[in-house]
Asker: 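Questions regarding the structure given below will be posed in turn.
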Amino acid sequence: MARANEVVAALLDEYADLLSITGGEAFKARVYDKAARAIGGHHADVATLDLAALQKIPNVGKSIAEKIIEYFDSGQIQAIEKLRAKIPPGVRALTAIPGLGPKKAMILYEELGISSVDGLEEAIGEGRLAGLRGFGPKTAENLLHGIELLRGETGRSLIDTAMAVAEEIVGAISAVPGCQRCTYAGSLRRMRETIGDVDILAAARDSKPLMDAFVRLPIVAEVIVRGEKKTSVRTTRGLQVDLRVVPLEAWGAALQYFTGSKEHNVRIREIAVRKGLKLSEYGLFRVGDGSLIVSETEEDVYAQLGLAWIPPTLREDRGEVDAALAGELPDLVTLPDIRGDLHTHTNLTDGVSTLEEMLATARARGLRYYAVTDHAKNLPMQRMTDAKMLKQREHLRALASEGRMELLHGTELNIDPDGDVDWDADFLAGFDVCVASVHSHFNQSPEELTRRLVRACENPYVNIIGHPTTRQIGRRAPIDADWDAVFAAAARTGTAMEVNSYPDRLDLPDELILRAKRHRVKFAIDTDSHSTVHLGHLRFGVGLAQRGWLTKDDVITAWPLPKLRTFVARKRRAH
DNA sequence: GCCGTTTTCGGCCCGACTGTTTTCAGTCG
């Protein structure tokens, strides 16, 4: 993904927000919003496109194309600068609070001068919102809850953002003469769902050239500490990155140490102590004479301790050390194991890429089968109809004969408050595979939500429950269902639970994957792509699945297509 | 501001929910 597309998309997004905060034409704001999405999901690097080529991107006309050119020529866009001068950045930050949109943010700013999340919290605490039109006691309460939700992720980045930064820096440091090895470690290597700091590890005899290159990277906004062994910086987007340089002989120990987790390392060091060894970031040593045991790789370190190498995604002290001691580590599913994607969208509903573009990218990524699952008709904003769905199917069938990748026609159904879905059995029978997801009524009671999900599992045409908890990291809490009851129903009915790869969803979360696996549930690692760019998120879903200890037998999208078809057919036959 | 045409102007994704109103605005998906 070209970074330029993300930068431009972020600028247009900001302009759209500023337009709606200042009460400009709603349609204008919406167009900038749509253009931002289209550019973020566009396959070509916008920095290389001229005015005419830019205007071929959907929702980009003359005016927006000129603004993009202006940005690449001058480094800024005047129209945005003008609005920035009027509205403090903190006011826009307020709209990140769930339940607080542009209109209310503007009222808070104009009436009370509130221009930050902290300021809002203080004002609520002091009762200063009382009497403000549109802000009753319930609203104040909801805003406080929204702030809490937002704070839960404060200072942490989504995994795709952190990964992009890490890979850029690893690439740059690796190219410095004298750099013997370089990689990222820490929670990013463990594929945690959100990332606090990015940890980069390098090996070199002389650290100075690496440190020099590091602090000079264009992405670096501020140097926090600068030393011989460790340098910390903050990037232009506020992410802290630490670079540590170690001698090559200690690489294995250092990588093990800096990958963590802390809890995992405590367990590992206990094992070292019992063997008369000492493990630290500087290496593995004999306690008696303090001599360094050469441990150039992690495999060496674990082997010296009598353990099989433990994949980073398992290193959370959730039983992996005992499993390694017993030689019972799971054979985790890997990215090359994934054969298909069963949850994707096109521009027929809310995707930004065409069917052909999605298929071409999926093929290029090596997928063996691919399901198109645009939204079903009960999500009104998507304006799906029976006729549109059937036409898409016909179109897909015509394409199917052209390629080596097998094409499946599916849909993402909406699970309504009672657990029913959009179409009756006759219509559903025409799909090859169906995902069903909760998209509304998140606040039902746990009993209602549980019954709703169980009923969806019991539908013979529902093969996968999409993003089961519906959480959006930092924005929306997971729904509150009796998951053991849901997983039991999924296992009983032959319904897979999704492992959604989208970075702000990552749903099911790892703890729930572990729980579901105990019920012998099957899983579908999907991307839920809305553009060709999103197909690259698959690795995050695989990382999440690994954190849930899944093997390729657990994952239906790692199965050969005939086995998957049997999975679908068996459920239909059983009813 | 974009788009599509019954083109150069008028429509633009639509419905539900929530909390606040006393008939509706704001937010969300």
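This one's a predicted model, so the numbers in the text were calculated from it and none came from an experiment. Convention: sequence-line order gives letters A, B, ...; per-chain numbering from 1.
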Asker: Less than 4.5 Å apart, any side-chain heavy atom of T470(A) and any of P478(A)?
Answerer: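 Counting from C-beta outward, T470(A) and P478(A) never come under 4.5 Å.
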
Asker: List for me each residue that meets side chain to side chain donor-acceptor pair (under 3.5 Å) alongside Y71(A), sequence neighbours excluded, and say none if there are none.
Answerer: none

Asker: Which residue lies toward the 5' end of DNA chain B, L132(A) or G61(A), if each is placed at its nearest nucleotide?
Answerer: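 The answer here is G61(A).
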
Asker: Counting only heavy atoms not in D73(A), do more than 12 sit closer than 6.0 Å to its CG atom?
Answerer: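 Counting other residues, nucleotides and ligands, CG of D73(A) exceeds 12 neighbours.
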
Asker: If we take the P atom in both dT23(B) and dG29(B), what is their distance in whole Å?
Answerer: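 Result for the P pair: 29 Å, nearest Å.
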
Asker: Using atom CD1 of I415(A) as one end and atom C1' of dG29(B) as the other, report the distance to the nearest whole Å.
Answerer: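 Distance check: I415(A) CD1 to dG29(B) C1' gives 15 Å.
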
Asker: Report which part of the nucleic acid S63(A) touches: base, sugar-phosphate, or nothing (heavy-atom distance under 4.0 Å, all strands).
Answerer: sugar-phosphate

Asker: Any protein N or O atoms within reach of nucleotides 14-16 of chain B? Criterion: under 3.5 Å, listing atom names and distances.
Answerer:
from, atom 1, to, atom 2, distance (Å)
dC14(B), OP1, R383(A), NH1, 2.9

Asker: The side chain of T139(A) is closest to which nucleotide in this list: dT18(B), dT20(B), dC13(B)?
Answerer: dT20(B)

Asker: Expressed as a whole number of angstroms, how long is the span from K34(A):NZ to dG11(B):C1'?
Answerer: 11 Å

Asker: dC3(B), dT20(B), dG29(B): which one has an atom nearest the side-chain heavy atoms of N59(A)?
Answerer: dC3(B)

Asker: Base, sugar-phosphate, or nothing: which does N443(A) touch, judged by heavy atoms less than 4.0 Å apart?
Answerer: nothing

Asker: Remember a base hit wins even if backbone is also touched, and classify I64(A) as base, sugar-phosphate or nothing at under 4.0 Å, heavy atoms.
Answerer: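 Sugar-phosphate contact only.
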
Asker: Taking only the side-chain heavy atoms of K28(A) (C-beta and beyond), determine which of dC3(B), dG29(B), dG1(B) contains the nearest atom.
Answerer: dG1(B)

Asker: Can you see whether Y370(A) engages T344(A) through a side-chain donor-acceptor pair at a distance of less than 3.5 angstrom?
Answerer: yes

Asker: May I ask you to check whether F431(A) and W423(A) place their ring centres under 6.0 Å from each other?
Answerer: yes

Asker: Suppose you measure atom P in dT8(B) against the same atom in dG19(B); what distance do you get, rounded to whole Å?
Answerer: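 After rounding to an integer number of Å, I get 47 Å for this pair.
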
Asker: In this structure, how many angstroms lie between the C1' atom of dG19(B) and the NE2 atom of H145(A), rounded?
Answerer: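 About 17 Å, once rounded to whole Å.
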
Asker: Pull out every protein N or O sitting under 3.5 Å from an N or O of nucleotides 24-28 of chain B, one pair per line with the distance.
Answerer:
from, atom 1, to, atom 2, distance (Å)
dT27(B), OP1, G101(A), N, 2.6
dT27(B), OP1, G101(A), O, 3.0
dT27(B), OP1, K104(A), N, 3.1
dT27(B), OP2, K103(A), N, 3.2
dT27(B), O5', G101(A), N, 3.3
dC28(B), OP1, G99(A), N, 2.7

Asker: Give a yes or no on whether a salt bridge exists between D420(A) and R455(A), defined as a side-chain N under 4.0 angstrom from a carboxylate O.
Answerer: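 Looking at D420(A) and R455(A), the cut-off is met.
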
Asker: Using the C1' atom in both, what is the distance from dT22(B) to dC28(B), to the nearest Å?
Answerer: 25 Å

Asker: Could you check how far CZ of R471(A) sits from C1' of dG29(B), rounded to whole Å?
Answerer: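 Those two atoms, CZ and C1', are 19 Å apart.
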
Asker: Measuring centre to centre across the rings, with the benzene-like ring taken for any Trp, is H439(A) within less than 6.0 Å of H441(A)?
Answerer: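 Ring centroids of H439(A) and H441(A) are no less than 6.0 Å from each other.
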
Asker: In whole angstroms, how far is the C1' atom of dG1(B) from the CG atom of L54(A)?
Answerer: 15 Å

Asker: Check the distance between dG29(B)'s C1' and R37(A)'s CZ and give it to me in whole angstrom.
Answerer: 12 Å

Asker: With DNA chain B as reference, determine whether Q55(A) or A140(A) sits nearer its 5' end, using the nearest nucleotide of each.
Answerer: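 Looking at the nearest nucleotide for each, Q55(A) comes out on the 5' side.
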
Asker: Quantified in whole Å, what is the C1' atom distance between nucleotide dG10(B) and nucleotide dA16(B)?
Answerer: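 Their C1' atoms lie roughly 27 Å apart.
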
Asker: Give me the ring orientation class for H345(A) and H375(A): parallel if the planes are under 30° apart, tilted from 30 to 60°, perpendicular past 60°.
Answerer: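 Judged by the thresholds at 30° and 60°, the geometry between H345(A) and H375(A) is parallel.
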
Asker: Which nucleotide, if any, forms a Watson-Crick or G-U wobble pair with dC24(B), using both distances under 3.5 Å?
Answerer: dG19(B)

Asker: Specify the separation, in whole Å, of atom CG of N414(A) and atom C1' of dG29(B).
Answerer: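 That distance rounds to 10 Å.
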
Asker: Check this for me, if you would: do R151(A) and E121(A) make a salt bridge, where the nitrogen-to-carboxylate-oxygen distance has to be below 4.0 angstrom?
Answerer: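 Yes.
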
Asker: Around E66(A), counting heavy atoms of other residues, nucleotides and ligands shown, do more than 12 lie under 6.0 Å from its CD?
Answerer: yes

Asker: Rounded to the nearest angstrom, tell me the gap between atom CG in L19(A) and atom C1' in dC2(B).
Answerer: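 So the CG-C1' distance, L19(A) to dC2(B), works out to 14 Å.
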
